[in-house]
Amino acid sequence: MYMADGRRVRQVKRPIGRAVFILAAVSCALLIPLLIMLDLRTDPQIAEWWTTHIEAGWERVIGTLTSWLPFSVMEFFIVCLIGLGIFFYVRLIINLGRARFLRILKGALTICVGVIYMFNLYVMSMAFAYYRAEMPIPQSQKEYDAESVIPVIEYFLSDYNKLAEKLPRDKNGCVECPYTFSELAERVKVEYAKLTDPYFNQYTPTAKPIVNSWFMSQMLITGITFLPTGEASVNNAAPPTTRTITLAHELAHAKGVLREGDANLLARYVLISSDDDYLRYCGYYYAFDNLLEAFVLTEDIQSYQSYLRRVSDKVRVERWYAADYWNSQWDLIGQIAEFFNNWYLESNGATNGTGSYEDGNQSTVVTPTDPVTGEPERDPITQEPVRIIHFSQVQKMFFAVYEQRVEE
């Protein structure tokens with residue numbers, strides 16, 4: 001650059017200033033505990049202790065505070081982040097236009113400090129629970145076969161159909177929830193209070209509806225548990241039965257059950273074992289098909305199809321409406337959300353990503369072979385190949401609930 005008299009403007013080097021060094025030092029300092037926690041969380045013993053002491057204590061304190069507010073602090077936080085993102089983007093454009101690179105550096109370091117701090121808070125309050133021991137859940141220890149599963153399925157099918165005909169439905173054919181959202185959240189909390197095993201956090205937060213549920217539907221998300229704020233939030237625009245199922249699932253996370261398959265299993269158990277007709281119906285809607293799959297294991301496809309047809313037509317109507325609702329959402333946004341959710345779960349130890357939602361619902365059939373001939377072992381009486389059935393955790397949970405009710 002030159003002055004009016006033609007002389008070259010003297011270039012003056014501006015000092016970077018202490019602020020940049022302080023922000024850089026804070027970023028590095030915050031990285032240390034983050035890296036330590038990320039390394040420690042994979043040890044099952046440390047993960048168990050941390051979940052039941054540090055995470056549970058944090059959730060109780062912060063959850064008690066945020067429960068006083070009628071809105072989701074997590075949602076408010078996200079809206080603020082979007083606003084800050086727009087603000088920083090505008091400032092970036094302005095500073096680039098004016099060549100204020102020092103301000104850009106300060107802004108980038110400020111964002112870096114905030115992001116690393118939030119990662120620390122997240123890992124401290126949630127990430128350890130993904131690596132803890134197996135979840136204790138009632139599982140039948142009895143041996144079941146093609147014949148003995150029939151009375152179990154008959155029992156639950158009868159109750160399912162009775163509730164399907166009994167409960168009132170809305171204009172879409174969906175069962176109407178007889179409670180307000182806050183009443184429903186409280187009833188599910190009561191069900192979770194019945195869990196006395198120390199594996200589960202004793203504190204249960206009150207679930208909250210999301211104001212911008214329409215956007216969650218576009219992302220094909222039904223609920224989020226965010227323990228840095230001690231909250232479980234639910235998509236209030238989803239079909240009624242789905243909202244109840246999601247509420248139970250998200251509260252399972254809040255009880256210290258972060259693995260998705262475990263949370264699904266616990267939510268199924270809490271709803272199915274309930275004495276509340278509406279909650280029990282939602283549990284059957286969620287998991288009865290998993291029980292029917294026991295017929296597939298026993299190679300009795302005819303019985304499977306027969307029992308499937310015996311489920312009330314009103315349930316089918318409700319399922320059709322739910323399918324139409326989710327198919328009406330923008331698939332592109334849903335695929336993006338699915339991609340990030342898959343990455344998130346894989347980064348927390350779920351090698352199968354979003355497939356981990358079905359963990360605990362996997363059943364297998366083993367056909368042993370003769371170690372010498374390699375031929376399948378055969379029953380000495382029928383000469384049929386021996387088939388050893390391993391029922392899924394969901395099915396064995398159904399068996400356990402059935403046994404408890406029959407004994408009563």
Side-chain angles (χ1 to χ4, degrees), residues 14-63 65-66 73-92 95-96 100-132 201 224-231 253-254 256 258-260 336-337 339-351 353-354 356:
R14 297 182 179 179
I16 294 179
R18 290 192 302 174
V20 171
F21 290 104
I22 291 174
L23 288 170
V26 171
S27 296
C28 292
L30 288 173
L31 272 175
I32 295 174
L34 177 61
L35 294 175
I36 292 174
M37 287 191 293
L38 287 174
D39 181 57
L40 291 177
R41 68 175 180 154
T42 57
D43 185 296
Q45 291 183 335
I46 295 176
E48 191 67 29
W49 180 87
W50 190 285
T51 302
T52 55
H53 292 78
I54 305 299
E55 289 186 8
W58 168 266
E59 183 185 0
R60 179 179 291 275
V61 172
I62 197 68
L65 294 175
T66 56
V73 177
M74 180 207 68
E75 183 180 14
F76 177 75
F77 175 72
I78 291 175
V79 172
C80 289
L81 278 182
I82 294 173
L84 282 173
I86 296 172
F87 171 79
F88 277 111
Y89 178 76
V90 172
R91 294 298 301 171
L92 174 64
N95 287 328
L96 281 173
R100 294 175 176 173
F101 299 111
L102 183 58
R103 289 191 178 183
I104 294 174
L105 179 59
K106 289 180 181 178
L109 286 172
T110 300
I111 294 173
C112 188
V113 169
V115 169
I116 298 175
Y117 171 78
M118 286 306 303
F119 268 113
N120 270 281
L121 194 58
Y122 159 76
V123 173
M124 182 273 294
S125 62
M126 291 184 70
F128 281 79
Y130 284 99
Y131 295 88
R132 62 190 308 207
N201 295 344
I224 298 175
T225 298
F226 192 61
L227 296 185
T229 60
E231 293 176 306
H253 286 324
L258 266 293
R259 292 188 293 265
E260 297 296 346
I336 294 173
F339 171 81
F340 282 106
N341 190 31
N342 187 71
W343 170 82
Y344 166 77
L345 294 174
E346 287 180 347
S347 67
N348 281 290
T351 55
T354 51
S356 63

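For the numbers below, each heavy atom of this structure counts, side chains included, while hydrogens, waters and symmetry mates do not. For clarity, every value in this text was computed on a predicted model and none was experimentally measured.
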Side-chain touch [X]/[Y], heavy atoms, less than 4.5 angstrom:
X: Glu59; Y: Ser125; value: no
X: Phe77; Y: Met118; value: yes
X: Ile46; Y: Arg41; value: no
X: Leu227; Y: Tyr122; value: no
X: Val113; Y: Leu109; value: no
X: Asp39; Y: Leu35; value: no
X: Glu231; Y: Thr225; value: no
X: Leu40; Y: Phe128; value: yes

Looking at every non-hydrogen atom in both residues, tell me the closest pair between [X] and [Y] and how far apart they are.
X: Gly256; Y: Ala129; result: O-CB, 3.8 Å
X: Gly349; Y: Tyr131; result: N-OH, 3.2 Å
X: Gly230; Y: Thr66; result: O-OG1, 4.1 Å
X: Ala254; Y: Asn201; result: O-ND2, 3.3 Å

[X] side-chain N/O to [Y] backbone N/O, donor-acceptor pair under 3.5 Å:
X: Thr51; Y: Glu48; result: no
X: Trp58; Y: Thr229; result: no
X: Asn342; Y: Thr354; result: yes
X: Trp50; Y: Met124; result: yes

What's the separation between atom [atom1] in [X] and atom [atom2] in [Y], rounded to the nearest 0.5 Å?
X: Asn348; Y: Ser356; atom1: CG; atom2: OG; answer: 10.0 Å
X: Leu121; Y: Ile62; atom1: CG; atom2: CD1; answer: 8.0 Å
X: Ile54; Y: Met37; atom1: CD1; atom2: CE; answer: 10.5 Å
X: Met126; Y: His253; atom1: CE; atom2: NE2; answer: 7.0 Å
X: Leu258; Y: Leu345; atom1: CG; atom2: CG; answer: 10.0 Å

One pair to check against side-chain contact (heavy atoms from CB on, under 4.5 Å): Thr52 and Arg132. What are the steps and the verdict?
CA-CA 10 Å; Thr52 55; Arg132 62 190 308 207; 3.4 Å; yes

Leu34 pairs by side-chain contact (heavy atoms from CB on, under 4.5 Å) with which of Ile36, Leu38, Ile32?
Leu38

For the CZ atom on Phe88, are there more than 12 heavy atoms of other groups (residues, nucleotides or ligands in this structure) within a distance under 6.0 Å?
yes

Can you list the steps and then say if Thr351 with Glu346 is a side-chain contact (heavy atoms from CB on, under 4.5 Å)?
CA-CA 5 Å; Thr351 55; Glu346 287 180 347; over 6 Å; no

Relative to each other, are the rings of Tyr130 and Tyr344 parallel, tilted or perpendicular (30° and 60° limits)?
perpendicular

